[in-house]
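Accompanying notes for the structure given below.
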Number of protein chains: 2
Amino acid sequence: MRVDARRNRDRLVAAATAVIAEQGPAASLNEIAQQAGVGAGTLYRHFPTRESLLLEVFTTRIETLCARAHELAESRSPSDALTAWLEAFLQHCRTDRGLAETIMKAPSGSDLNCAVKLRTAGAGLVARAQEAGVVRAGVEVEDILQLTIGIALAADSPARAERLLSIAIVGLRG
Amino acid sequence: MRVDARRNRDRLVAAATAVIAEQGPAASLNEIAQQAGVGAGTLYRHFPTRESLLLEVFTTRIETLCARAHELAESRSPSDALTAWLEAFLQHCRTDRGLAETIMKAPSGSDLNCAVKLRTAGAGLVARAQEAGVVRAGVEVEDILQLTIGIALAADSPARAERLLSIAIVGLRG
DNA sequence: CAACATGCGGAGAGCCTCTCCACATGATAC
DNA sequence: GTATCATGTGGAGAGGCTCTCCGCATGTTG
């Protein structure tokens, strides 16, 4: 990749982070390009869809969550680890509604690897929980993530979100 | 209100219902106006915001759901009635995603009583289910509705939505 | 059947997304 | 250093959207 291309890409992500933080995930792509000091064409070359740009913006957050999954897997019981991780995930999704929507819309078969990373990180915790009998067989990581995202999107308060998540976790045991 | 104004308003709601069912709640208002056979100005005079139009469209559906709740309460066991009603609610929310979002965003204290009506209708089913021990005490109607709305918003397929709902229902029993 | 209040349509302003291609600019070979 | 070429660039432009505005049409009323 040419060095100028790399530089423009980085500028775009920085500008997008700022503008999205301010205006939400539906912010104008034109404005992001302008703030990055590049043409609209350049933005669209690097990020063919709005989602691909958002995913890049949220990559840092997603990687934090992945790291947390590994920590928890080593330091807690299968049940606690999964619960704690889902709570952290829920928190992130609520803080940044755009994050939830972005992960949600990312096609599960896509190569946009941050969403994939998140699923992989979650998969470890879920597998352990299933071995320990805390989650019944047949439940997929994807189920659990989507349920959590849904709760983040629909809950009207943090307390409610916590409560709904705990209901969902009970349901996982089956 | 002049009779032609009334007629146009009705046409708009009908057209909006059709177009939104097909294209989702972000459908073009232009197209709705066109399909209703009126000018854009007429649409905006009757419905100053997109939200106001959506609300009108969904009122009918919400009333249908309320009626369904009463039917089910009389014809089915407490458990079946609640499950069937939630499935119907889920279906509606998924059919027009806008319904879910509209109910979700309706401020709880507002006089937009569609959300209130829905909650009242659901409350009867939940109370019966709690008496029958199918739902544990402490769970509120609002919890169940929000959980279902969340599932509708986040699920990536009808099959997944069904599955997530059944997980949630298991969780309700505690 | 005036005369008036009300409602109407659709052109147009100002956004937006996304495409396209002549031109600029790193990278590479000599 | 420079010639060559693949790669990347900017911004004009097409087409669509939302929303406003106002001259004109049409119910309504006395």
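Order of the sequence lines sets the chain letters (A, B, ...), proteins ahead of strands, with each chain counted from 1.
Looking at A:Arg119 and A:Glu142, their side chains come closer than 4.5 Å, going by heavy atoms from C-beta outward. A:Arg173 is not listed as a side-chain neighbour of A:Val135, based on a closest heavy-atom distance of 4.5 Å or more.
Within 6.0 Å of CD in B:Glu56 there are more than 12 heavy atoms belonging to other residues, nucleotides or ligands. Counting heavy-atom neighbours within 6.0 Å of A:Gln130 CD, excluding the residue itself, gives a total above 12.
Nucleotide C:dC21 holds its P atom 18 Å from the OH atom of A:Tyr44, rounded to whole Å. As rounded to whole Å, 13 Å separates atom P of C:dA27 from atom CZ of A:Arg6. Rounded to a whole Å, the CE atom of B:Met1 is 15 Å from the C1' atom of C:dA5. When rounded to the nearest whole Å, the span between CZ of B:Arg7 and P of C:dG7 equals 13 Å. Note: CG (A:Leu43) to P (C:dT17) measures 9 Å, nearest angstrom.
The 5' end of DNA chain D is approached more closely, in terms of each residue's nearest nucleotide, by A:Asn8 than by the other of B:Glu31 and A:Asn8. Closest-nucleotide positions on DNA chain D for B:Ser28 and A:His46 were compared, and the one nearer the 5' end corresponds to A:His46.
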Taking Watson-Crick and G-U wobble contacts under 3.5 angstrom, with | marking pairs to another strand and [ ] crossing pairs, the secondary structure of DNA chain C is written ||||||||||||||||||||||||||||||
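A salt bridge links A:Arg68 and A:Glu71; the closest N-O separation between the charged side-chain nitrogens and carboxylate oxygens is under 4.0 Å.
Distances from the side chain of B:Asp4 to the nucleotides C:dC18, C:dG26, C:dC8 place C:dC8 closest.
Residue B:Thr42 has no polar side-chain atom (N or O) positioned under 4.0 Å from OP1 or OP2 of C:dG7. Applying the 4.0 Å criterion to OP1 and OP2 of C:dC8, one finds that B:Arg45 has a side-chain N or O inside that range.
Considering all non-hydrogen atoms of both residues, A:Thr148 and A:Ile144 come closest at OG1-O, 2.8 Å. The two atoms that bring B:Asn30 and B:Ala40 nearest to each other are OD1-CB, 4.0 Å, heavy atoms only.
Side-chain atoms of A:Arg50 come within 3.5 Å of backbone N or O of A:Ala26 as a donor-acceptor pair.
Side-chain atoms of A:Arg2 and base atoms of C:dT25 include a donor and an acceptor less than 3.5 Å apart.
The residue A:Asn30 sits close to a base: some heavy atom pair falls under 4.0 Å. Among the protein residues, A:Ala5 comes within range of the sugar-phosphate backbone only, with heavy atoms under 4.0 Å from sugar or phosphate atoms but none that close to a base.
For DNA chain D, the outermost nucleotides in 5' to 3' order that have an atom under 4.0 Å from a heavy atom of chain A are D:dA6 to D:dG11.
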Take A:Tyr44 and A:Leu29, measure what side chain to side chain contact (heavy atoms under 4.5 Å, CB included) needs, and give me the verdict at the end.
CA-CA 9 Å; A:Tyr44 282 94; A:Leu29 296 181; 3.4 Å; yes
